[in-house]
Amino acid sequence: MGALNKLVAMTRTLGNPERDYVILSEGNTSARRDEETFWVKASGSRMADVDRETFLQVDAAAVLALLDEGLLSESEMRLGLTGAKAVPHVPGSPSIEAAMHALCLTLGGATFVGHTHPTAVNAILCAQDAAEPFRGAIFPAESLVCGQPAFVPYAAPGQPLAQAVRQALESAIERRGEPPRVLLLENHGLVALGKTAQEVLDITEMMVKTARILVRTYALGGPDFVEYTPR
């Protein structure tokens, strides 16, 4: 199965309503196509309903260049992303979060990326002091699958969020010597960075399980953290 077909299957799985990871047109996914371009979900499409035509081929360098422009409004960012399409005549506009995906696929070293808004995870990310529950692992499988997440303080979607993600990735790489497998976006959602589509699914599912357990630990005094296990 080619990378685009794997991306379609991964996106449909993440978008399955029974999983409660996204609703409506929430969330977006991407996959590296080659050294210069990547596929990203078109803006406004539902993850559960995607097909090959839902994904746009985008020039990574052109997208990343938008991060170093002066402050761009959301509409200006959307225009820039549309201009970064590798095949201009194809209809549709890349997700407003395409720059975040470009960073994950380059600086973050991922081949597939899944961004979702799971209710279980956002119940914590939308709380006060949202980073605290995720400062350590609470069971071995969490650290084995997800590593040590990088927390990203709230920033508006588009250019501000991508710039915040770039800072979080650079900081994580400087401290740990490698990029994280998980980004936790405050008041927003979850990003899973994988070498394969299956890894993105595994990371997402494990982080959702972790969030469900974390919330319940607070009924008994709070989480008991364990050391992260290197993979």
Side-chain angles (χ1 to χ4, degrees), residues 14 21-22 26-30 38 40-41 43 47 60 63-64 66-69 71-74 77 81 94-138 142-143 145-194 199-200 202-211 214-215 223 225 228:
L14 292 174
Y21 295 170
V22 294
E26 283 183 340
N28 32 73
T29 56
S30 64
F38 65 98
V40 67
K41 186 176 78 71
S43 181
M47 289 176 65
V63 171
L64 292 174
L66 296 171
L67 301 186
D68 296 318
E69 297 284 343
L71 180 63
L72 300 178
S73 67
E74 183 173 333
M77 187 68 176
L81 292 173
S95 165
I96 187 62
E97 288 157 352
M100 177 183 72
H101 285 269
L103 286 164
C104 292
L105 294 166
T106 53
L107 182 61
T111 305
F112 290 85
V113 178
H115 170 44
T116 54
H117 301 182
T119 299
V121 175
N122 276 8
I124 301 174
L125 291 178
C126 295
Q128 297 183 39
D129 199 12
E132 170 61 22
F134 295 106
R135 68 176 173 84
I138 54 173
E142 176 200 350
S143 60
V145 174
C146 303
Q148 186 174 1
F151 187 80
V152 183
Y154 178 77
Q159 187 191 47
L161 176 59
Q163 290 171 333
V165 165
R166 179 169 62 181
Q167 182 176 352
L169 287 171
E170 290 174 342
S171 177
I173 293 168
E174 181 178 354
R175 293 196 316 272
R176 309 169 195 168
E178 62 181 4
R181 283 169 256 161
V182 174
L183 298 174
L184 296 168
L185 312 181
E186 186 177 26
N187 289 95
H188 189 148
L190 168 70
V191 183
L193 294 76
E199 189 174 11
V200 169
D202 292 346
I203 290 169
T204 303
E205 190 169 9
M206 188 62 73
M207 284 306 302
V208 170
K209 176 184 177 180
T210 298
L214 272 171
V215 168
F225 297 112
Y228 281 95

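Owing to the predicted nature of the structure, the values given are computational and were not obtained by experimental measurement. Start at 1 with the first residue, then count along the sequence.
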Q: Please say whether more than 12 non-hydrogen atoms of neighbouring residues, nucleotides or ligands are located less than 6.0 Å from CD in Q167.
A: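 Open: at most 12 neighbouring heavy atoms sit under 6.0 Å from CD of Q167.
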
Q: Does the pair N28 and I96 meet the rule for a side chain to side chain contact (heavy atoms under 4.5 Å, CB included), with working shown?
A: CA-CA 9 Å; N28 32 73; I96 187 62; 5.9 Å; no

Q: From L190 CG over to M207 CE, what is the distance, rounded to the nearest 0.5 angstrom?
A: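 L190 atom CG to M207 atom CE measures 6.0 Å (nearest 0.5 Å).
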
Q: Which atoms form the tightest heavy-atom contact between L14 and G114, and what is the distance?
A: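 The pair with the smallest heavy-atom distance is CD1-CA, 4.1 Å.
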
Q: So, does E74 use its side chain to make a donor-acceptor pair with the main chain of P157 at under 3.5 Å?
A: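 Not confirmed, E74 side chain does not pair with P157 backbone.
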
Q: Checking side chain to side chain contact (heavy atoms under 4.5 Å, CB included) for the pair R135/F225: CA distance, chi angles, key distance, verdict?
A: CA-CA 8 Å; R135 68 176 173 84; F225 297 112; 3.4 Å; yes

Q: The criterion is salt bridge (charged side-chain N to carboxylate O under 4.0 Å, His left out); which residues satisfy it with E69, sequence neighbours excluded?
A: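 Salt bridge (charged side-chain N to carboxylate O under 4.0 Å, His left out) list for E69, sorted by chain: empty.
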
Q: In Å, rounded to the nearest 0.5 Å, how long is the span from CD1 of I124 to CD of E132?
A: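 Here the interatomic distance stands at 11.5 Å.
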
Q: Look up atom OG in S43 and atom CG in L81, then write down how far apart they are to the nearest 0.5 Å.
A: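 One finds 9.5 Å between OG of S43 and CG of L81.
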
Q: So, taking the atom named CG in L169 and the one named CD in E174, what distance separates them when rounded to the nearest 0.5 Å?
A: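 Going from the CG atom of L169 to the CD atom of E174 covers 13.0 Å.
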
Q: What's the spacing between L214 CG and I138 CD1 if we round to 0.5 Å?
A: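 With rounding to 0.5 Å, CG (L214) is 4.0 Å from CD1 (I138).
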
Q: With the threshold set at 4.0 Å, does a side-chain nitrogen-carboxylate oxygen contact exist between R181 and D202?
A: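 Looking at D202 together with R181, the answer is no, because their closest N to O distance does not fall below 4.0 Å.
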
Q: Can you find a heavy atom in the side chain of I173 that is under 4.5 Å from one in the side chain of L107?
A: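 They are in side-chain contact.
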
Q: Examine distances only and state if a side-chain atom of T106 and a backbone atom of A102 form a donor-acceptor pair shorter than 3.5 Å.
A: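 Present.
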
Q: Given side chain to side chain contact (heavy atoms under 4.5 Å, CB included), test Y21 with V121 step by step and report yes or no.
A: CA-CA 9 Å; Y21 295 170; V121 175; over 6 Å; no

Q: Tell me the closest heavy-atom pair linking V40 and S95, and the distance in Å.
A: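 Nearest heavy atoms, V40 then S95: CG2-CB, 4.4 Å.
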
Q: Under the side chain to side chain donor-acceptor pair (under 3.5 Å) test against H115, which residue among E26, H188, H101, K41 passes?
A: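 Exactly one pass, corresponding to H188.
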
Q: Provide the closest heavy-atom pair for C126 versus N187 in the form atom of the first, atom of the second, distance.
A: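 What the structure gives for the nearest pair is CA-ND2, 3.7 Å.
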
Q: Find the distance between CZ (F151) and CG (L183) and round it off to the nearest 0.5 Å.
A: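 Between atom CZ of F151 and atom CG of L183 there are 11.5 Å.
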
Q: Please find the pair of heavy atoms, one from A150 and one from P180, that lie closest to each other, and give the distance.
A: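 Nearest heavy atoms, A150 then P180: CB-CG, 3.8 Å.
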
Q: Whether the side chain of E186 engages the backbone of Y154 through a donor-acceptor N/O pair (distance < 3.5 Å, no angle test) should be reported.
A: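 Here the side-chain-to-backbone pair exists.
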
Q: Which heavy atom of L193 sits nearest to which heavy atom of V200, and what is that distance?
A: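 So the minimum-distance heavy-atom pair works out to C-CG2, 4.4 Å.
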
Q: Run the side chain to side chain contact (heavy atoms under 4.5 Å, CB included) test on C146 and T210 for me, step by step, so that the C-alpha distance in whole Å, both residues' side-chain angles and the decisive distance to 0.1 Å come before the verdict.
A: CA-CA 10 Å; C146 303; T210 298; 5.6 Å; no

Q: Any idea which heavy atoms bring L67 and Q163 closest together, and the distance?
A: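 Looks like O-NE2, 2.9 Å.
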
